[in-house]
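This report concerns only the one structure given below.
Atoms within a ligand are numbered from 1 in the order they appear, just like the ligands themselves. This one's a predicted model, so the numbers in the text were calculated from it and none came from an experiment. All residue numbers in this chain count up from 1 along the given sequence.
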Amino acid sequence: MPASDTSVSILIRQLASGPTPPAPGSSALHTRVADVVRQMGAPPWSKRIIADERQLVTLIASPPGGGNRPHWHRDFDEWWVVLAGQLEWELTGGTVIRATRDDIVWVPRGAVHHIRNVGDELSLRLAVAMPPAAHYFSPCEQCGYSDDGPREWCA
Ligand SMILES: [Zn+2]
C-alpha cells in the first residue's frame, strides 16, 4: 500500500489522573539556552531539549554556511524559533524565508525545507517536531543541494 494511503495516530500510554507535581530532577523543567550552548561547544550540533508522545523539541546550532540536509515530513508540520543568527529556509515551490532572532518559521508537511545559516555568526534555532519525526531527504530544488546519505530517518 502506498504510504500516502496511511494515516498516523499516536497513543498516549501514561495519563495523569489529576494534579501531579513534576518528577524530582526532571531535567526539562527549566533549560537555559546559554548553558546548552556552553556545554555543546563548537557547532554544528543539535541537542534534544524536550521529548514526549506529541513533541520533539531540539536546539540546533549551525556555523556560518552550515545547515540541514533538505528533507520533508509526511505527517506533521514543523516550526522553529530563531534564537540567534541569520537563517534562510528554502522551500518546495520557491518560497525563501529569511529569519533572525525572535522570528518564528512554520513549514507545512510535504514542503522540502533546506535551512542554512546565511549570516557570519553562530545560528541557533529551536525546532519543534512531532514523533517519530520521520525525515524524507530530498534535494533542494532551489540550490540543487543533494547528498548520498540515507533517504529516510527518524529523529
Ligand atoms: Zn524538518
- Task: Keeping to residues at least two apart or across chains, list the salt bridge (charged side-chain N to carboxylate O under 4.0 Å, His left out) pairs with something in residues 9-27.
- Result: none
- Task: Give a yes or no on whether Ile115 and Trp79 share a hydrophobic cluster (residues Ile, Leu, Val, Met, Phe, Trp, Tyr; joining criterion: side-chain heavy atoms under 4.5 Å apart).
- Result: no
- May I have all residue pairs that pass side-chain hydrogen bond (donor to acceptor under 3.5 Å, both in side chains) and include part of residues 52-61, sequence neighbours excluded? Arg48-Thr58, Asp52-Gln55
- In terms of hydrophobic clustering (I, L, V, M, F, W, Y; side-chain heavy atoms under 4.5 Å; direct or indirect links), are Ile49 and Ile104 co-clustered? yes
- Near the Zn ion (ligand 1) (protein N/O/S, cut-off 2.8 Å, waters excluded) we have His71 NE2, His73 NE2, Glu78 OE1, His113 NE2
- Query: In terms of hydrophobic clustering (I, L, V, M, F, W, Y; side-chain heavy atoms under 4.5 Å; direct or indirect links), are Ile50 and Val33 co-clustered?
  - Reply: yes
- Val96: what forms a side-chain contact (heavy atoms from CB on, under 4.5 Å) with it, not counting sequence neighbours? Glu88, Glu90
